[in-house]
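To start, the structure itself, in structure tokens.
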Amino acid sequence: MLNTALEDAITDIEETVTHRAAPQRSYGPASAGITTTTCLAPNEPAIQLRARPTQRVTSTSPDLGHDPMNGGCLGQPKSSFLAEQFRIHVRTWGCSHNNSDSEYMMGLLAQEGYVLTDQSDEADLCLFNSCTVKSPAEDHCRNAVERALSAGQKVVVAGCVPQGQRDGAFLQNVSLLGVQQLKRVGTVVEETLKGHRVTYLQGRSQYSEGYDLFMPKVRKNAQVEILAINSGCLNHCTYCKTKHARGQLRSFPPNLLVERARQTWTEGVTEIWLTSEDTGAYGRDLGTNIAALLRRLVRVIPSGCRLRLGMTNPPYILDQLPEIAEILRHPKVYSFLHLPIQAASDGVLRDMKRDYTQQDFRECVDFLRANVPHIHLATDIICGFPTETPEDFEETLDLCDFYRFPSLFINQFFPRPGTLAAKMQCVATKQEVKKRTKALHELFYSYSPLDDRLGQIHSVLITDVSHDKRFWVAHNLWYDQVLINKEQTNVEPGQLVWIRITNVTKFSVHGEPLTGRGVLAMLLLKKSSLNPLSIMAIVFTWLIVMLNFLLSLGVQLYLN
């Protein structure tokens with residue numbers, strides 16, 4: 001089925017590859033001067049490719065056909081290019097969807113033999129996967145490109161920035177790769193190393209030609225699979241430029257997503273993050289919905305593993321709240337949801353074209369808090385939208401004070417070129433916007449949402465290590481970040497362990513692993529506050545232990 005979609009997409013799409021002789025050394029046959037060639041990929045049988053084991057490629061796809069385009073065009077003689085000679089540095093900005101795309105590109109490059117490096121200064125080529133949501137993210141990417149070019153390195157810019165605005169000044173001397181062209185990363189990298197400037201940017205409404213859930217992948221975190229369930233969105237937010245790059249909503253078929261999830265569990269993954277520009281909108285183009293997908297996914301989650309649902313906008317779960325709440329109560333699903341409001345004023349929400357009201361948002365929050373005990377709800381706020389008045393901001397401040405979200409992502413408005421909001425007249429000065437941002441930060445830091453966790457016993461899944469390497473990083477069912485001292489324990493990533501919370505901070509808690517006896521003793525002595533799920537899990541565990549003991553005793557008595 002995927003090969004058929006690939007052939008259909010290639011039939012409809014022509015890609016323009018531009019080669020430009022570079023002033024620096026060439027890594028293979030280079031063009032003299034400038035030529036522009038239009039190339040069509042061949043329709044040849046797919047072959048099975050093997051990954052180099054040293055690159056930690058976690059999966060391969062039988063649908064990945066060999067691309068014989070050397071120099072960008074079919075029919076040119078095969079060069080003696082050796083990928084193993086070159087080091088590639090990949091850096092990512094933006095959302096988890098971008099991070100998933102980078103992991104796919106690293107998998108494809110590792111499969112071809114390139115050496116991946118975390119050190120940008122030792123790379124022959126830097127691949128920057130860009131984000132266009134905020135000006136600072138684009139600025140960071142621009143600075144990285146300029147540094148790499150100044151150091152004489154080759155550069156490829158991928159992601160939303162070139163896809164949404166290919167004529168940016170800092171993109172003129174680098175190769176470009178669109179968000180739906182991931183399978184072309186090997187060709188783009190090879191041609192760029194040879195001294196050519198290559199551009200692969202495809203129509204935003206298509207992804208079947210260049211996006212495949214079963215491509216090889218090099219995960220930054222071997223415990224976590226970031227699984228994109230759809231690309232693009234249904235919204236037309238006036239401040240957002242992501243849709244310029246990702247396009248309209250295109251959901252992956254549920255059977256492919258379930259199969260991909262099954263595959264990742266077999267590869268040692270213990271946690272799956274579902275991601276997209278809007279997970280709540282999943283399936284609207286297929287006649288299904290996110291709740292139906294989640295019901296299928298939870299059936300294939302192995303023991304000791306967990307699932308996390310990504311960001312969803314309020315309109316797409318209003319009619320699914322009971323079903324979503326049921327899934328979020330599942331013992332293998334984190335009771336966590338990222339539900340952005342952006343602004344509390346209905347007038348500002350209309351100007352943003354957010355398609356919901358403050359009351360709609362409150363209905364979502366109130367229902368989920370009432371039906372999913374201890375749920376961790378995160379939200380986003382944009383301070384200083386062009387039409388936001390002081391009274392509008394007070395509404396936002398009051399809402400945040402009322403709900404006191406444990407995670408609050410505060411963003412200052414940045415006009416993005418090409419959006420409707422960029423053309424709007426701002427009613428507040430930059431200084432006023434800074435004051436609003438500061439006031440919201442002060443409110444957020446005025447409360448401690450995790451204080452009641454102190455002394456509690458939780459089951460946590462370890463998936464990472466802290467930046468200073470001193471702690472294991474885990475999460476409980478409510479997705480609180482739990483830090484476990486590495487020197488005092490013998491646990492490791494991928495393990496599900498019981499801990500007692502010994503310290504609480506604004507953003508995390510510290511936990512001490514407990515033995516089975518310790519858990520039972522604290523339960524009997526009532527020295528900790530346990531949630532009902534924890535009590536049920538502990539009782540069930542000890543029933544199994546006692547049953548095994550009695551069976552073993554019975555067998556021994558029988559044999560004697």
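Just so it is clear, the model here is predicted, and its values are computed rather than measured. For reference, positions follow the sequence shown, starting with 1.
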(request) Output the distance between atom CG (Asn411) and atom OG1 (Thr437), rounded to the nearest 0.5 Å. (result) 9.0 Å
(request) Determine yes or no for a side-chain-to-main-chain donor-acceptor pair under 3.5 angstrom, with Thr288 supplying the side chain and Gly283 the backbone. (result) no
(message) Between Ile484 and Val482, is there a side-chain heavy-atom distance shorter than 4.5 Å?
(response) yes
(request) For residues Tyr104 and Val218, determine if any side-chain heavy atom of one lies less than 4.5 Å from a side-chain heavy atom of the other. (result) no
(message) With rounding to the nearest 0.5 angstrom, report the CG to CG distance, Leu257 to Asn230.
(response) 8.5 Å
(message) Is it the case that the side chain of Arg369 and the backbone of Cys364 share a donor-acceptor pair, with hydrogens and angles ignored and the cut-off at 3.5 Å?
(response) no
(message) Using the rule given for side chain to side chain contact (heavy atoms under 4.5 Å, CB included), can you reason through Val509 versus Asn503, listing the C-alpha separation, both sets of side-chain angles and the distance that settles it, and then say yes or no?
(response) CA-CA 6 Å; Val509 299; Asn503 188 37; over 6 Å; no
(request) Using distance alone, with no hydrogens and no angle criterion, decide if Glu512 and Thr502 have a side-chain donor and acceptor under 3.5 Å apart. (result) no
(request) Give every residue pair that meets the salt bridge (charged side-chain N to carboxylate O under 4.0 Å, His left out) criterion with at least one member in residues 317-328, sequence neighbours excluded. (result) Arg284-Asp319
(message) Run the side-chain contact (heavy atoms from CB on, under 4.5 Å) test against Phe402 and tell me which residues pass, sequence neighbours left out.
(response) Arg362
(request) Kindly write out the residues that satisfy side chain to side chain donor-acceptor pair (under 3.5 Å) with Tyr316, not counting sequence neighbours, or none if the list is empty. (result) Asn235
(request) Mark yes or no for whether Thr275, through its side chain, and Ser96, through its backbone, hold a donor-acceptor pair below 3.5 Å. (result) no
(message) Can you list everything that forms a salt bridge (charged side-chain N to carboxylate O under 4.0 Å, His left out) with Arg453? Sequence neighbours excluded, please.
(response) Asp480
(message) Can you list everything that forms a side-chain contact (heavy atoms from CB on, under 4.5 Å) with Ala144? Sequence neighbours excluded, please.
(response) Arg91, Trp93, Phe128, Arg147
(message) Tell me every residue that passes side chain to side chain donor-acceptor pair (under 3.5 Å) with Thr396, counting only those two or more places apart in sequence or in another chain.
(response) none
(request) Evaluate the ring planes of Phe336 and Tyr479, with Trp represented by its six-membered ring, and classify them as parallel (under 30°), tilted (30 to 60°) or perpendicular (over 60°). (result) tilted
(request) Could you pull out the closest heavy-atom pair between Asn313 and Pro340, with the gap in Å? (result) OD1-CG, 3.4 Å
(request) Return yes if a side-chain donor-acceptor contact under 3.5 Å exists between Thr92 and Asn98, otherwise no. (result) no
(request) Report the relative orientation of the aromatic rings in Tyr447 and Phe444; use parallel for angles under 30°, tilted for 30 to 60°, perpendicular for over 60°. (result) perpendicular
(message) Under a plain distance cut-off of 3.5 Å, with no hydrogens placed, do Glu267 and Trp265 share a side-chain donor-acceptor pair?
(response) no
(request) Determine which pairs satisfy salt bridge (charged side-chain N to carboxylate O under 4.0 Å, His left out) with at least one residue from residues 482-495, sequence neighbours left out, and list them in order. (result) none
(message) Give me the atom names and distance for the closest heavy-atom approach of Asn129 to Ser102.
(response) ND2-OG, 2.9 Å
(request) Kindly say whether Phe252 contributes a backbone atom to a donor-acceptor pair with the side chain of Tyr282 at under 3.5 angstrom? (result) yes
(request) Compare all side-chain heavy atoms of Arg260 with those of Leu227 and state whether any distance is below 4.5 angstrom. (result) yes
(request) Taking the side chain as every heavy atom from C-beta outward, state whether Leu307 and His330 have any pair of such atoms under 4.5 Å apart. (result) no
(request) Taking the side chain as every heavy atom from C-beta outward, state whether Gln153 and Leu125 have any pair of such atoms under 4.5 Å apart. (result) no
(message) Nearest 0.5 angstrom please: Arg306 CZ to Leu461 CG, how far?
(response) 6.0 Å
(message) So which atom in Gly280 and which in Gln320 form the shortest heavy-atom distance, rounded to 0.1 Å?
(response) O-NE2, 4.2 Å
(message) Let me confirm one number: the CG-NE2 distance from Leu454 to His510, rounded to the nearest 0.5 Å.
(response) 11.5 Å
(request) Please check if the side chain of Asn221 supplies one atom and the backbone of Thr463 the other of a donor-acceptor pair under 3.5 Å. (result) yes
(request) State, to 0.1 Å, how close Gly310 and Thr279 come at their nearest heavy-atom pair, and which atoms those are. (result) O-OG1, 3.3 Å
(request) For the pair Glu271 (side chain) and Val224 (backbone), establish whether a donor and an acceptor sit closer than 3.5 Å, ignoring hydrogens and angles. (result) no
(request) For residues His376 and Trp478, establish whether the separation of their ring centroids is below 6.0 Å. (result) no
(message) Can a donor-acceptor pair be found, under 3.5 Å and without considering hydrogens, that links the side chain of His458 to the backbone of Val460?
(response) no
(message) Around atom NZ of Lys438, are there more than 12 heavy atoms from other residues, nucleotides or ligands closer than 6.0 Å?
(response) no
(request) Using a 4.5 Å cut-off on heavy atoms from C-beta on, say whether the side chain of Ile382 contacts that of Tyr239. (result) yes
(message) Using every non-hydrogen atom in the two residues, find where Ser459 and Leu496 come nearest and quote the distance to one decimal.
(response) OG-CG, 3.7 Å
(message) Can a donor-acceptor pair be found, under 3.5 Å and without considering hydrogens, that links the side chain of Tyr356 to the backbone of Ile341?
(response) yes
(request) Please identify each residue that fulfils side chain to side chain donor-acceptor pair (under 3.5 Å) with Gln342, with sequence neighbours left out. (result) none
(request) Please check if any side-chain donor atom of Gln263 sits under 3.5 Å from a side-chain acceptor atom of Glu259, or the reverse. (result) no
Between side-chain atoms of residues 291-303 and protein atoms elsewhere (two or more places apart, or another chain), which donor-acceptor pairs fall under 3.5 Å?
none

(message) Please give me the minimum heavy-atom distance between Thr132 and Cys160, naming the atom from each residue.
(response) CG2-CB, 3.6 Å
(request) With the side chain counted from C-beta on, respond yes when Phe413 and Cys383 share a heavy-atom pair under 4.5 Å apart, and no when they do not. (result) no
(request) May I have the step-by-step check of side chain to side chain contact (heavy atoms under 4.5 Å, CB included) for Met105 and Val90, ending in yes or no? (result) CA-CA 9 Å; Met105 289 189 285; Val90 179; 5.6 Å; no
(message) So Glu103 and Ile226, do their side chains get closer than 4.5 Å, heavy atoms only?
(response) yes
(message) Considering only residues two or more places apart or on different chains, which pairs with a residue in residues 113-122 satisfy salt bridge (charged side-chain N to carboxylate O under 4.0 Å, His left out)?
(response) Arg87-Glu122, Asp118-Lys220
(request) Give, for atom CE of Met106 and atom CG of Leu108, the distance between the pair rounded to the nearest 0.5 Å. (result) 11.0 Å
(request) With sequence neighbours excluded, tell me which residues meet side chain to side chain donor-acceptor pair (under 3.5 Å) with Arg262. (result) none
(request) First locate atom OG of Ser407, then atom CG of Leu339, and finally report the distance between them rounded to the nearest 0.5 Å. (result) 12.5 Å
(request) List the steps and the verdict of salt bridge (Lys or Arg N to Asp or Glu O under 4.0 Å) for Asp101 and Lys183. (result) CA-CA 10 Å; Asp101 286 352; Lys183 282 186 179 179; over 6 Å; no
(request) Return yes if some donor-acceptor pair links the side-chain N/O of Trp472 with the main-chain N/O of Asp464 below 3.5 Å, else return no. (result) no
(message) Tell me whether Glu225 contacts the main-chain N or O of Leu274 through its side chain, where contact means a donor paired with an acceptor under 3.5 Å.
(response) no
(request) Consider only side-chain N and O atoms of His97 and Glu277, and report whether a donor and an acceptor are under 3.5 Å apart. (result) yes
(request) Quick one: list whatever passes salt bridge (charged side-chain N to carboxylate O under 4.0 Å, His left out) with Asp139, sequence neighbours left out. (result) Arg142
